[in-house]
Student: 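Got a structure for you, written out below as structure tokens; questions coming shortly.
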Amino acid sequence: MYRENRLKQHFADGRKALGCWLQMCSPLAAEIVGQAGFDCAIIDIEHAPGDLLTAISQLQALSASPTTVLMRVQWNDPVYIKRALDAGVEGLIIPYVNTAEEARAAVAACLYPPAGIRGAALAAVRAVDYGKARTEYVRTINDNLFIILQIETLSAVDNIPEIAAVEGVDMLFIGPTDLSADMGRLGRADDPELAAVIARAVSAVKDGGRLLGTIGYAGENLEEMFARGYDLVIGASDVVLLREGAAA
């Protein structure tokens, strides 16, 4: 169901946002998350076992909710990006973007020509309500999409000024776990050198004029994270909510 991207308007109004991963590939879990009031829900295809059909089931479950639905694709791959957008997601998180050249390729894969290289199937795909909303979709989608690029390596942190300057990038998203792995400190969230690199990345993103996102860790205070400059924090997941509820 094609609609205005409420998350994009949310940020345009100067507000912060809280998101939730969808990693269970379950439309029931997605529906519950949508009803809970998160600003966005992110269907995770990078690490979760789902595919585009399970993603569409989750999109259908969320269609009655105002929650904006994003997808984290498995790679900076123009073919999969095209198919994810055709499924009807309202934005993408694209992992492992390390250079401005890779950032330009990611943005181009998201946009129709002449701004990009995305192929069109305007009579058949879910994103255009199977053809019903084709005129409105073509007119607005390049501006309506929300494009997030993940910063997950030391080289990506070094290249943030150039990546942030790429037209069409809405947000840079710091992936602390993969960044810790790139530094040889996998999973050591409290490592002071990791904290220093993340602080440098935060400053570079804000200096570059882009919105800033990340994930929340257990024990992190969301209000403090927002105060440090984050605009979006993905502070929960359907898996963790179920796991912790079951354990309790």
Side-chain angles (χ1 to χ4, degrees), residues 5-21 38-42 44 46 67-73 76 89-100 102-104 106-107 110 143-183 189-237:
N5 192 320
R6 297 191 184 199
L7 183 66
K8 200 159 191 176
Q9 186 58 52
H10 188 92
F11 290 128
D13 294 338
R15 301 161 66 192
K16 305 290 187 177
L18 181 64
C20 183
W21 294 114
F38 286 96
D39 299 301
C40 60
I42 305 92
D44 188 6
E46 183 187 15
T67 301
T68 297
V69 188
L70 312 176
M71 180 188 288
R72 179 165 69 174
V73 294
N76 187 4
V89 295
E90 297 170 277
L92 295 177
I93 301 179
I94 300 171
Y96 207 75
V97 175
N98 293 305
T99 67
E102 291 174 0
R104 284 191 287 270
V107 171
C110 292
D143 294 324
N144 199 47
L145 278 177
F146 196 74
I147 301 172
I148 305 173
L149 308 182
Q150 283 196 247
I151 302 297
E152 303 182 272
T153 66
L154 287 170
S155 62
V157 172
D158 291 338
N159 291 328
I160 284 174
E162 292 78 19
I163 295 171
V166 173
E167 186 177 356
V169 174
D170 292 298
M171 174 179 284
L172 297 183
F173 187 98
I174 298 171
T177 303
D178 282 313
L179 186 54
S180 74
D182 192 58
M183 297 175 62
D190 58 351
D191 183 87
E193 290 190 37
L194 174 63
V197 170
I198 290 175
R200 178 161 64 90
V202 168
S203 295
V205 173
K206 303 311 283 188
D207 289 345
R210 295 301 181 189
L211 294 166
L212 174 65
T214 194
I215 62 172
Y217 276 112
E220 283 268 27
N221 182 291
L222 290 174
E223 291 301 326
E224 290 178 1
M225 295 183 75
F226 289 138
R228 292 202 301 271
Y230 293 103
D231 300 288
L232 168 66
V233 176
I234 304 177
S237 78

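Since we're looking at a predicted model, the values are computed, not measured.
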Student: When you compare the side chain of Ile42 with that of Ile93, does any pair of heavy atoms fall below 4.5 Å?
Tutor: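 They are in contact (side-chain heavy atoms under 4.5 Å apart), so the answer is yes.
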Student: Which distance, rounded to the nearest 0.5 Å, do you find between the CD of Glu152 and the OG1 of Thr177?
Tutor: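 The distance works out to 9.0 Å.
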Student: Spell out, as yes or no, whether a donor-acceptor pair under 3.5 Å connects the side chain of Thr67 to the backbone of Phe38.
Tutor: yes
Student: To the nearest 0.5 Å, what is the distance between CZ (Phe173) and CG (Leu149)?
Tutor: 12.0 Å
Student: Tell me every residue that passes salt bridge (charged side-chain N to carboxylate O under 4.0 Å, His left out) with Asp182, counting only those two or more places apart in sequence or in another chain.
Tutor: none
Student: Going by the rule side chain to side chain contact (heavy atoms under 4.5 Å, CB included), which residues pair with Arg15 if we only count those two or more places apart in sequence or in a different chain?
Tutor: His10, Asp13
Student: Taking all non-hydrogen atoms of both residues into account, name the closest pair between Cys110 and Leu145 and its distance.
Tutor: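 Closest approach of Cys110 to Leu145: O-CD1, 3.4 Å.
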Student: Show your working on side chain to side chain contact (heavy atoms under 4.5 Å, CB included) between Asp231 and Lys16 and close with a plain yes or no.
Tutor: CA-CA 5 Å; Asp231 300 288; Lys16 305 290 187 177; 3.4 Å; yes
Student: Taking all non-hydrogen atoms of both residues, which atom of Ala156 and which atom of Val97 are closest, and how far apart?
Tutor: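 The pair with the smallest heavy-atom distance is CB-O, 3.5 Å.
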Student: Taking distance alone, no hydrogens or angles, what donor-acceptor pairs closer than 3.5 Å link side-chain atoms of residues 207-216 to residues at least two apart or in another chain?
Tutor:
residue, atom, partner, partner atom, Å
Arg210, NE, Ala164, O, 2.6
Arg210, NE, Val169, O, 3.4
Arg210, NH1, Val169, O, 2.8
Arg210, NH2, Ala164, O, 3.0
Arg210, NH2, Val166, O, 2.9
Thr214, OG1, Ile174, O, 2.9

Student: Counting N and O atoms only, with roles assigned by atom type, does the side chain of Asn5 sit under 3.5 Å from a partner on the main chain of Glu90, one being a donor and the other an acceptor?
Tutor: yes
Student: Contact between Tyr96 and Asp178 at the side-chain level, heavy atoms closer than 4.5 Å - yes or no?
Tutor: no
Student: Under 4.5 Å between any side-chain heavy atoms of Pro176 and Ile198, yes or no?
Tutor: yes
Student: Considering residues at least two apart in sequence or located in another chain, which fulfil the ring pair (Phe, Tyr, Trp, His ring centres under 6.0 Å) criterion with Phe146?
Tutor: Phe11
Student: Only counting residues at least two apart or in another chain, list the ones meeting salt bridge (charged side-chain N to carboxylate O under 4.0 Å, His left out) with Asp143.
Tutor: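 So Asp143 forms no salt bridge (charged side-chain N to carboxylate O under 4.0 Å, His left out) with any residue.
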Student: Would you say that Leu222 contacts Glu224 through its side chain, given a criterion of any heavy-atom pair below 4.5 Å between the two side chains?
Tutor: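 No, their side chains stay 4.5 Å or more apart.
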Student: Check the pair Leu172, Ile160 against side chain to side chain contact (heavy atoms under 4.5 Å, CB included), reporting the backbone distance first and the verdict last.
Tutor: CA-CA 9 Å; Leu172 297 183; Ile160 284 174; 4.0 Å; yes
Student: Indicate yes or no for a side-chain donor-acceptor contact from Asp44 to the backbone of Trp21 under 3.5 Å, with no hydrogens or angles considered.
Tutor: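 Flag not set: sc Asp44 to bb Trp21 has no pair under 3.5 Å.
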Student: Got a sec, which pairs hit side chain to side chain donor-acceptor pair (under 3.5 Å) with one end in residues 154-165, sequence neighbours left out?
Tutor: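 As it turns out, the side chain to side chain donor-acceptor pair (under 3.5 Å) pairs with a partner in residues 154-165, which skip direct neighbours, are Thr153-Ser155, Asp158-Arg200.
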